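Below is one structure, written out as C-alpha cells, with a few remarks after it.
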Amino acid sequence: MAYKIWFYGKHAVRAALANERRKKIQLCYCGKLEADIVPLVKGVSIKQLESKQLHSLLSDKQDKNLSGQKIIHQNIALEVESLPPYHIEDVITPDQQPCLLLLLDRLDNVQNIGAILRSAYLLGVDAVLAEDWQESAHLARASSGALESLKLVACGNIAQMIERLKKQEFWVAGLDMQGDDIADFTPATRQLLVMGNEEKGLHRLVKEKCDFLCRIPINDRKNPHAPESLNVSVSAGIALHVIGQKFMKKNL
C-alpha cells in the first residue's frame with residue numbers, strides 16, 4: 001500500500017519530479033525556484049514558505065525512525081507517494097539476455113543503502129533486490145536521485161529468490177572476507193552479486209547458496225584499534241566497478 005513521504009534537497013526533489021511513475025502531491029520552496037525545476041512542476045500544488053516554516057514542516061513530518069537526523073532541505077521539499085516495488089518478472093526474461101543484479105542481504109543502515117543505490121545506478125546494475133523496501137527522505141537524499149532511476153525489487157525470502165534466479169541461469173557471487181580475490185573473478189552473462197549486512201556480513205544460508213565468494217583485498221595493518229573492514233557502501237562501489245567493467249566488456 002502506498003504511503004506519503006516528504007522528500008527534500010535539490011537532487012532528491014528534482015529526480016522525483018522527473019519520475020513519471022512517482023505521484024507528486026505538493027511542492028514547497030523558499031526564495032525562487034531554480035530554472036531547471038520549473039518545467040518539471042506540472043499538476044503539482046505549489047506553496048512558497050519561509051525557510052523556518054519549511055524546516056518546521058519537515059521536522060513535523062520526519063520519519064520517527066530518523067528522529068534527530070539533520071534536515072538539509074536546500075530550500076525545497078516535495079510531498080510524494082511511495083513507489084510500488086518492481087517484481088522480478090519486470091527485470092529478467094527467461095532467455096539468455098545479459099543481466100547484472102545486486103541483492104542486499106538485510107542491510108539496515110539507510111545511509112549505506114542510499115549510497116549503494118547511487119553506485120549501482122552509475123555502475124550499470126539492472127536492478128537492486130532486497131527483502132523489502134521502505135522509502136524515506138533520508139534514503140532519497142543519500143541515493144542522490146538513484147532511488148527514482150533504479151528498478152527496486154522486493155524479493156521477500158532472500159534464499160528462495162536466489163534459488164529462483166539460479167533456475168533462470170544466473171550465477172551468484174557473494175562478497176565475503178573469506179572469498180577469493182575479486183580481481184580474479186569473471187562474471188557470468190547473467191550475474192547476481194550479493195552484499196551482506198553491515199555487521200554480520202552474509203547470512204549462513206545465503207552464503208551457502210552462492211556459487212562464488214569474492215573479497216576485496218585490504219592491507220593487514222595488524223592494529224587492534226584500527227578498522228578491520230571497509231564500509232559496506234564502499235565495498236559495494238569497489239565490487240560493482242570491478243565486476244561491472246568485466247561484465248560490460250564480456251557482453252557488449
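Just so you know, these numbers use all the heavy atoms, side chains as well, and skip hydrogens, waters and symmetry mates. Quick caveat: nothing in here was measured; it's all calculated off a predicted structure.
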Derivation of the side-chain contact (heavy atoms from CB on, under 4.5 Å) call for His73 and Phe7
CA-CA 9 Å; His73 55 66; Phe7 287 171; over 6 Å; no
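- Nearest heavy atom pair, residue Gly244 against residue Leu100, reads CA-CD2, 4.3 Å.
- Across all non-hydrogen atoms, the minimal contact from Ala239 to Leu193 is CB-CD2, 4.1 Å.
- Lys47 is not listed as a side-chain neighbour of Leu27, based on a closest heavy-atom distance of 4.5 Å or more.
- In this structure, Ile25 and Ser45 have side chains that are not in contact, with every pair of non-hydrogen atoms separated by 4.5 Å or more.
- Under a hydrophobic clustering in which Ile, Leu, Val, Met, Phe, Trp and Tyr are joined whenever their side-chain heavy atoms come within less than 4.5 Å, directly or via other members, Phe185 and Leu202 fall into different clusters.
- No side-chain donor-acceptor contact under 3.5 Å links Lys151 to the backbone of Val91.
- Listed for the Glu135 side chain is a donor-acceptor partner under 3.5 Å among the backbone atoms of Leu83.
- Remark: Lys167 does not engage Glu163 in a salt bridge, criterion side-chain N to carboxylate O under 4.0 Å.
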Test His55 against Ile71 for side-chain contact (heavy atoms from CB on, under 4.5 Å), laying out the working first.
CA-CA 7 Å; His55 187 85; Ile71 296 174; 4.0 Å; yes
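- The CG atom of Leu49 sits 10.0 Å away from atom OG of Ser56, with the distance rounded to the nearest 0.5 Å.
- With hydrogens and angles ignored, the 3.5 Å screen pairs a side-chain donor or acceptor of Glu198 with a backbone N or O of Asn109.
- Put simply, Val172 and Val242 are part of two different groups of oily side chains (I, L, V, M, F, W, Y) that touch within less than 4.5 Å, one to the next.
- Here the side chains of Val125 and Leu240 are in contact, with some heavy-atom distance below 4.5 Å.
- Ion pairing between Arg215 and Asp176 fails under the 4.0 Å rule for side-chain N and carboxylate O.
- Taking every heavy atom of both residues into account, Gly196 and Leu107 meet most closely at O-CD1, 3.1 Å.
- When every heavy atom of Tyr121 is checked against every heavy atom of Ser149, the shortest pair comes out as CE1-CB, 3.5 Å.
- Considering CD of Glu199 and CZ of Arg106, their distance stands at 15.5 Å, rounded to 0.5 Å.
- In this model, a donor atom of one side chain and an acceptor atom of the other lie less than 3.5 Å apart for Asn231 and Asn112.
- Around the CD atom of Gln96, the shell of radius 6.0 Å holds more than 12 heavy atoms that belong to other residues, nucleotides or ligands.
- For Lys209 (side chain) and Gln160 (main-chain N/O), no donor-acceptor pair under 3.5 Å exists by modelled atom type.
- The CZ atom of Arg118 lies 12.5 Å from the CG atom of Leu150; values are rounded to the nearest 0.5 Å.
- Between the side chain of Ser143 and the backbone N or O of Ala140, at least one donor-acceptor pair lies under 3.5 Å.
- Taking a 6.0 Å sphere around NE2 of His203, one finds it holds more than 12 heavy atoms contributed by other residues, nucleotides or ligands.
- Here the closest non-hydrogen pair linking Tyr8 and Ile72 is CD1-O, 3.5 Å.
- Taking 4.0 Å as the cut-off between side-chain N and carboxylate O, Arg21 and Glu148 do not count as a salt-bridged pair.
- Counting only distance, with no hydrogens or angles, the side chain of Arg141 and the backbone of Gly114 share no donor-acceptor pair below 3.5 Å.
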For Ser136 and Val110, run side-chain contact (heavy atoms from CB on, under 4.5 Å): C-alpha distance rounded to whole Å, both residues' side-chain angles, the deciding distance at 0.1 Å, then the answer.
CA-CA 9 Å; Ser136 68; Val110 177; 4.0 Å; yes
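- Remark: Ile92 CD1 to Cys99 SG distance equals 7.0 Å, nearest 0.5 Å.
- In this structure a side-chain-to-backbone donor-acceptor pair under 3.5 Å is missing from Asp105 to Met195.
- When the side chains of ILVMFWY residues are joined at heavy-atom separations under 4.5 Å, either directly or via intervening members, Ile88 and Ile162 end up in a single hydrophobic cluster.
- Linking Ile, Leu, Val, Met, Phe, Trp and Tyr whenever their side-chain heavy atoms come within less than 4.5 Å leaves Leu101 and Phe212 in two separate clusters.
- Side-chain N or O atoms of Lys24 include one that pairs as donor or acceptor with a backbone N or O of Arg22 at under 3.5 Å.
- Formation of a donor-acceptor pair under 3.5 Å by the Glu81 side chain with backbone atoms of Lys23 is not found in this model.
- We find the CD1-CD1 distance between Ile243 and Ile238 to be 12.0 Å, quoted to the nearest 0.5 Å.
- Between atom CG of residue Leu192 and atom CG of residue Leu129 there is a gap of 7.0 Å, rounded to the nearest 0.5 Å.
- Side-chain contact between Cys214 and Leu175 is present, with at least one heavy-atom pair separated by less than 4.5 Å.
- Crowding of Glu89 atom CD: a count of heavy atoms from other residues, nucleotides or ligands under 6.0 Å exceeding 12.
- Between Lys166 and Asp211 there is a salt bridge, since at least one side-chain N of the basic residue sits less than 4.0 Å from a carboxylate O of the acidic one.
- Pairing each heavy atom of Met161 with each of Cys155, the nearest pair is CE-CB, 3.5 Å.
- Residues Val232 and Leu104 are not in side-chain contact: their nearest non-hydrogen atoms beyond the backbone lie 4.5 Å or more apart.
- In this structure, the side chain of Trp133 engages the main chain of Val153 through a donor-acceptor pair within 3.5 Å.
- Both Leu213 and Phe170 are members of a single hydrophobic cluster when ILVMFWY side chains are connected at heavy-atom separations under 4.5 Å.
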What verdict does the side-chain contact (heavy atoms from CB on, under 4.5 Å) test give for Ile37 and Tyr29, after you've listed the backbone C-alpha separation in whole Å, the side-chain angles of each residue and the deciding distance to 0.1 Å?
CA-CA 11 Å; Ile37 289 181; Tyr29 71 98; over 6 Å; no
